[in-house]
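Below is one structure, written out as structure tokens, with a few remarks after it.
Predicted, not measured: the structure shown is a model, and the values here were computed from it. Naming: A, B, ... by sequence-line order, numbering from 1 per chain.
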There are 2 protein chains.
Amino acid sequence: MHTVFVKDGVRGRVGQAGPLNRARIVRAAMRVVERDGVEVLTMRRLADEIGTAPMSLYRHVADKREVLMELLEAVSRQITGRRLPASPDPRRRLLDTVTVVHDVLEGNRWVVQAVLAVEELPPSALHLSEHMFAAMREAGLDERAAAVAHTAIWHYTWGHVFFGHLSATSARTYDQQEPAGRDGYEELAHVAPAMRELMTRDVFREGLEAMVDGFLAR
Amino acid sequence: MHTVFVKDGVRGRVGQAGPLNRARIVRAAMRVVERDGVEVLTMRRLADEIGTAPMSLYRHVADKREVLMELLEAVSRQITGRRLPASPDPRRRLLDTVTVVHDVLEGNRWVVQAVLAVEELPPSALHLSEHMFAAMREAGLDERAAAVAHTAIWHYTWGHVFFGHLSATSARTYDQQEPAGRDGYEELAHVAPAMRELMTRDVFREGLEAMVDGFLAR
DNA sequence: ACCTGAACACCGTTCAAGT
DNA sequence: ACCTGAACACCGTTCAAGT
């Protein structure tokens, strides 16, 4: 295990400061997840990171799910904490808000896997929906249209972040197969250069604008 | 383990017919996954379903990933095998094609989790992209626009299937909190009835149409 | 040739015991 | 009061041995 030492008459472990508590657990979990990814976050590994025994964690959190939910809350507050986009143009404000969410998720891919594991969004994510609905209403959507658009936009955003690297993989798969005109794949051969070009930049915003404009045009 | 019996002079196990092979493994895996979900599909459980030892599977498949990939291929061929939508109107054809994919995925939620685990689409899924690209070209999109739309549509579709039940959960979360006018959530209170109404039907097609029309309008 | 039991290096979590 | 070792019921997979 870890080296045990004595300092100021207090028995402690390497990297440890003060008694174990929920905040310290969450901070350590965030460190592990940002450094090594969410699939590496196990209760045993987390305990190791803190320098304690796996079972000690259970005095402060009910289970692993609760740890993940705390991480999601932290990210959610990271978004809603700073001022949300406030452009006077509601269309612009909606696009900017969703883009902020996208950018944060893109920078923290583990979030989507955590959401999948927890199967729930953290409470403070409602702030984002509130902000989006205000913009949609101001842009002229009625309640029903706004509800549909809200759902569609979220799904697009989740899909984009999560399947982004999968799209890249699939593109590579196609590339590895014959470059041009393989029987039955003439269309794909035709758009292949364009698809390759797409891989180099993030096209989230373009799809988002198309979708939002589609809703606004009805 | 399983009861061993002798029949026709051949030593066998309950539910077993003939020697172990890849096709029989895949069929058993499909049964498990459709009955109990993909999270229940373990090599041990799969062996149990067939009535063999876990290690016997490894003579016919390299690893669990390969089993999942075979399942994905089966579903993909289930879509591309039957005739794909062929409406003369390309917009309609595109919408119908994606809707077929959505419906199959909706009926087999485990597919998305399998895709996440495998991190790749089965080769035959390229048929669908081919079909989509042909429709998009005929509808007047250039290569670049088609590539962007293709990516956006896929992401929306994945997001919809996978986060569909999550949206439902989140909506319930909001419902359980105060029904109306909780401080700072006036907009949400306002659209809550519309959102509840949405839960009762599938609104995938509506979001898809908005997105496609948004792309066609550029 | 084909199959499989034991074992390895993992999980999350319970429970009884330590200080 | 707070922490933790041993144990349970799991994983995917390797390896050596069985028939």
Side-chain angles (χ1 to χ4, degrees), chain A residues 1-6 9-26 28-29 32-33 36-71 113-114 116-119, chain B residues 1-6 9-26 28-29 32-33 36-71 113-114 116-119:
Chain A
M1 276 231 68
H2 278 66
T3 325
V4 176
F5 68 99
V6 179
V10 180
R11 202 143 158 289
R13 278 191 171 77
V14 176
Q16 180 172 336
L20 195 54
N21 58 47
R22 190 176 251 256
R24 225 147 69 75
I25 291 173
V26 174
V32 171
V33 138
D36 306 319
V38 76
E39 62 279 356
V40 172
L41 185 71
T42 68
M43 296 304 269
R44 285 165 158 94
R45 177 79 188 67
L46 178 53
D48 241 45
E49 176 78 17
I50 300 172
T52 186
M55 290 318 106
S56 304
L57 305 173
Y58 286 87
R59 183 131 327 240
H60 303 95
V61 295
D63 51 22
K64 187 180 172 179
R65 194 192 130 91
E66 212 169 276
V67 176
L68 289 173
M69 195 46 137
E70 287 280 9
L71 292 181
Q113 298 187 60
L116 294 179
V118 169
E119 293 202 313
Chain B
M1 274 233 70
H2 278 69
T3 325
V4 177
F5 68 100
V6 179
V10 180
R11 202 143 160 288
R13 279 192 169 75
V14 176
Q16 178 173 338
L20 195 54
N21 58 45
R22 190 176 252 257
R24 224 148 69 75
I25 291 173
V26 173
V32 172
V33 136
D36 306 319
V38 74
E39 62 280 355
V40 172
L41 184 70
T42 67
M43 295 304 269
R44 284 165 159 94
R45 178 79 187 66
L46 178 52
D48 241 45
E49 177 77 17
I50 299 172
T52 186
M55 291 316 104
S56 304
L57 306 174
Y58 285 88
R59 185 138 320 249
H60 304 95
V61 295
D63 50 22
K64 188 180 171 178
R65 193 193 132 90
E66 212 168 276
V67 176
L68 289 173
M69 194 46 136
E70 287 280 10
L71 292 181
Q113 296 187 62
L116 294 180
V118 169
E119 294 203 312

Original post:
Pairing of DNA chain D as dot-bracket, 5' to 3': ( ) intra-strand, [ ] crossing, | other strand, . unpaired, with Watson-Crick or G-U pairs under 3.5 Å?
Top reply: ||.|||||...|||||.||
**OP:** For B:Leu68 and B:Ala117, work out which heavy atoms get closest and say how close.
**Re:** CD1-CB, 3.9 Å
Subject >> Rounded interatomic separation in angstrom, taking CZ from A:Arg45 and P from C:dG12 >> reply: 12 Å
Original post:
How far apart are the closest heavy atoms of A:Pro19 and A:Arg24, and which atoms are they?
Top reply: O-NE, 3.1 Å
Original post:
So, for A:Ala29 and A:Val67, which heavy atoms are closest and what is the spacing to 0.1 Å?
Top reply: CB-CG1, 3.7 Å
Original post:
When the distance from CZ of B:Arg44 to P of C:dC11 is rounded to whole Å, what number comes out?
Top reply: 15 Å
Original post:
D:dT4, C:dG5, C:dC11: which one has an atom nearest the side-chain heavy atoms of A:Ala53?
Top reply: D:dT4
Original post:
What heavy-atom pair brings A:Ala53 and A:Ala47 nearest, and what distance separates the two atoms?
Top reply: C-CB, 3.6 Å
Original post:
Does B:His60 put a side-chain nitrogen or oxygen below 4.0 Å from OP1 or OP2 of C:dC3?
Top reply: yes
Original post:
How many Å lie between CG on A:Leu46 and C1' on C:dC11, as a whole number?
Top reply: 14 Å
Subject >> Rounded distance in Å - CD1 (A:Ile25) to P (D:dC3) >> reply: 9 Å
Subject >> Value in whole Å for how far the C1' atom of C:dC11 lies from CG of A:Leu68 >> reply: 14 Å
Subject >> Check: B:Leu20 main-chain N/O paired with B:His60 side-chain donor or acceptor under 3.5 Å >> reply: yes
**OP:** May I ask you to say what A:Ser56 touches in the nucleic acid, namely base, sugar-phosphate or nothing, with a heavy-atom cut-off under 4.0 Å?
**Re:** base
Would you list the atom pairs, donor with acceptor, under 3.5 Å between side chains in residues 37-44 of chain A and any protein atom, with sequence neighbours excluded?
| from | atom 1 | to | atom 2 | distance (Å) |
| --- | --- | --- | --- | --- |
| A:Thr42 | OG1 | A:Arg45 | N | 2.9 |

**OP:** Take the protein atom CD of A:Glu39 and the nucleotide atom P of D:dG12, then report the distance between them rounded to whole Å.
**Re:** 17 Å
**OP:** Using atom CD1 of B:Ile50 as one end and atom P of C:dC2 as the other, report the distance to the nearest whole Å.
**Re:** 16 Å
Original post:
For B:Arg65, what residues pass the side-chain contact (heavy atoms from CB on, under 4.5 Å) criterion, not counting sequence neighbours?
Top reply: B:Asp63, B:Val118, B:Glu120
Original post:
Can a side chain N or O of A:Thr42 be found less than 4.0 Å away from OP1 or OP2 on C:dC10?
Top reply: no
**OP:** Report the distance from atom CZ of B:Arg24 to atom P of C:dC2, rounded to the nearest whole Å.
**Re:** 14 Å
**OP:** Map A:Met55 and A:Arg59 onto DNA chain C by nearest heavy atom, then report which one ends up closer to the 5' terminus.
**Re:** A:Met55
